[in-house]
Amino acid sequence: MKSIFTFAICCLAFTISHAQLLHKKKDFTRQDTLRGSITPEREWWDLSYYHLDIKVEPETKTISGKNTIQYKVLQPYQVMQIDLQPPLELTKVTQNGEQLDIKHDGNAHFVTLKNTQKIGEVNSVVAYYEGQPREAVRAPWDGGISWKKDKNGNHFIASSCQGLGASVWWPNKDHMYDEVDSMLISVNVPEKLTNVSNGRLRKVEQKDDQTKTYHWFVNNPINNYGVNINIGDYANFSEVYKGEKGDLDMNYYVLNYNLDKAKTHFTDAPKMMKAFEHWFGPYPFYEDSFKLVEVPYLGMEHQSSVTYGNQYLKGYLGNDLSGTGWGLKFDFIIIHEAGHEWFANNITNVDIADMWIHESFTAYSESLFLDYYYGKQAASEYVIGTRRSIQNDRPLIGQYNVNNEGSGDMYYKGANMLHTLRTMVNDDEKWRQILRTLNKKFYHQTVTTQQIENFLAEETDLELTGFFNQYLRTTIIPVFEYKIENKTLKFRFSNTVEHFKIPLLINIDEKEHWINPTNEWKSIKIPSANSSISVNNNFYIKSLQIKS
Ligand SMILES: [Zn+2]
C-alpha cells in the first residue's frame with residue numbers, strides 16, 4: 001500500500017512523453033549491426049531452401065559439413081553476407097563448383113559472386129565449415145551446443161541458440177526477417193545414437209564407418225533459431241491427434257530409460273493441442289508433425305520439434321510461477337514451448353526487439369490453457385499471480401537493428417497487458433476469434449509490432465495507440481486516481497503517456513460499472529459518500545484514492 005502511495009505521489013499529475021522514457025542507449029558494436037540489421041548484402045536475396053548436411057563427432061566435440069543455400073535474386077548485387085560465429089571456420093564457399101572470394105569480418109562473411117545475379121533467378125551457393133562450436137554455457141539462455149551424457153554414460157547432445165543466433169553452429173543468413181521456405185537437415189552421428197531435428201524423418205542411412213545419417217525434412221517456413229539437432233539414446237512413441245485440420249502425428253522422443261514415465265507425463269501434449277487449437281486455430285505445421293524431444297536443458301520452442309527438459313514435473317521444474325496453485329496443473333515446458341508454435345514459429349518477429357510478440361502471447365497461452373480446462377476464474381488468478389515477477393526495469397521493446405531484446409517483462413507484463421486488453425474487449429468469444437484471425441492473417445509470416453498493434457486496434461475497435469505506447473514502450477504503470485466528494489466520484493488517469501485512455505471496469509458498492517477515464521478529471525454520481533470503489537483486478541493498473 002505504502003509503495004503504491006509513494007510511487008503515485010512522485011508521478012502525480014503529469015504525463016510523460018515517449019522520448020523521456022526511452023532508456024539511455026546501450027553501446028552497440030559494428031558486429032551487432034551486422035547481425036541485427038538487414039544489410040545491403042542480405043537485402044538483395046530471398047531465401048528459398050537450405051540443405052544443412054553435417055557430421056557431428058561427440059568425442060572431439062566437432063561439427064563439419066556444408067550448407068547449400070538456395071535463394072531468389074530480388075535486386076542485382078554481387079556480394080552476399082553469410083553468418084558463422086567463431087571458433088567455427090567458414091572454409092570455402094562455392095557457386096556452380098567454383099570457389100568464391102570471402103572477406104571475413106568477425107561473425108559475418110562477405111562472399112563475392114562471380115556470375116552476374118539477375119532479378120528473378122534462383123541460384124545457390126554452398127558454404128563449407130568445420131570446427132568446435134561454442135559450447136552452451138547455460139542453455140537455452142546462453143546457448144550453443146550442450147555436450148552432455150545421460151545416466152548410462154551415452155552422449156546426450158543438443159543445440160540451442162535463441163538470441164545468440166543459429167550461426168553459432170551452422171552458416172546461414174542469420175536474421176529473423178527472412179525465413180527459408182523449406183529445409184533438409186542431414187546429420188551424421190555414431191550409429192548407436194539417434195539424431196532428431198525438425199520436420200519429418202525422410203530416411204536413415206547406415207554408413208560403413210559405424211555411423212548413421214538422419215535426414216529430416218521441414219516442409220514449412222522456419223526461423224533459424226528454430227532449427228535444431230538433438231542426439232541421444234532415444235526411444236520413441238507416437239499417437240495420432242484428431243485435430244482441426246485432420247490427423248496430426250504427434251511423436252515423442254525421450255531417453256530410453258524415461259519411456260514409461262514419458263508415456264504418462266506427456267498426456268499434457270494432446271491436452272495442450274486441444275486447448276490451443278480452440279484458442280488460436282489449427283496447429284500451424286501439420287505437414288511437419290508435432291514432436292516433443294527430450295534434451296539436457298530446460299526447453300525451447302524449436303519448430304515442430306519442441307525440446308523438453310522439465311524433469312517430468314508439473315509447473316516450472318516443480319514450481320508454480322503464479323503462486324496461486326494453478327501453475328502446478330500443467331507441465332510448464334510442454335504448454336509454454338508448444339504455445340510458441342503459434343507465436344514465434346507461425347507468427348515470427350522481423351526484429352528481435354519485437355520479441356514480446358513471441359513471449360507475451362505465449363505467456364498468456366499458459367493462462368488460456370487453464371481457462372480451457374479450469375475456467376476463466378482460474379485463468380485470471382494465474383495471470384494476475386504472475387505479476388509478482390514483473391520488474392518494470394526496461395520497456396518490452398528493445399533497440400531495433402542491433403539484435404537487442406527488450407525486458408524480460410515481455411513474458412508476464414506482456415501477458416497482463418493482453419489480459420487487460422481482453423477485459424477491455426469484454427467479449428470472450430470475440431477475443432478468441434481475434435486470436436484465431438491473428439494466426440490466420442499472419443500465417444507463416446514475419447511481422448513488426450506496428451502490424452500487430454494495427455491489427456488489434458482494428459479487430460477490437462478500440463483506440464489503442466496510448467495503450468500500447470504505455471505498456472510496450474515505457475516502464476510506467478497507469479494510476480487510476482479518484483476522490484469522493486459527497487455523492488460524486490471524481491477520477492482520472494495519471495502516470496501515463498499522452499493520449500492514454502482505456503475503458504475501465506470499476507466496482508461501486510460491489511456493482512460493476514464501465515467508465516472512460518482520461519488524464520482530465522471526470523465525475524459521475526454514486527449512491528453515497530461512503531460508497532466503496534475498486535478497480536476490476538483484471539486490469540494491470542494501480543489505483544489511488546485521494547482524500548480531500
Ligand atoms: Zn517463451
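Computed from a predicted structure; not experimentally measured. As the structure lists them, so they are numbered: ligands from 1, and atoms in each ligand from 1.
For residue His340, an N/O/S atom approaches the Zn ion (ligand 1) to within less than 2.8 Å. The nearest N, O or S atom of Glu337 is not closer to the Zn ion (ligand 1) than 2.8 Å.
For Leu201, the side chain to side chain contact (heavy atoms under 4.5 Å, CB included) criterion is met by Val204, Tyr214, Trp216, not counting sequence neighbours.
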Using distance only, find each side-chain donor-acceptor pair of residues 255-262 under 3.5 Å and give its atom names and separation, not counting sequence neighbours.
from, atom 1, to, atom 2, distance (Å)
Tyr257, OH, Lys151, N, 2.8
Asn258, ND2, Glu294, OE1, 3.3
Asn258, ND2, Glu294, OE2, 2.9

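Closest N/O/S atom of His336 to the Zn ion (ligand 1): NE2. Counting just the N/O/S atoms of Glu359, the one with the shortest distance to the Zn ion (ligand 1) is named OE1.
Between Glu287 and Lys245 there is a salt bridge, since at least one side-chain N of the basic residue sits less than 4.0 Å from a carboxylate O of the acidic one.
The nearest pair of heavy atoms linking Gly144 to Val168 is CA-CG1, 4.1 Å.
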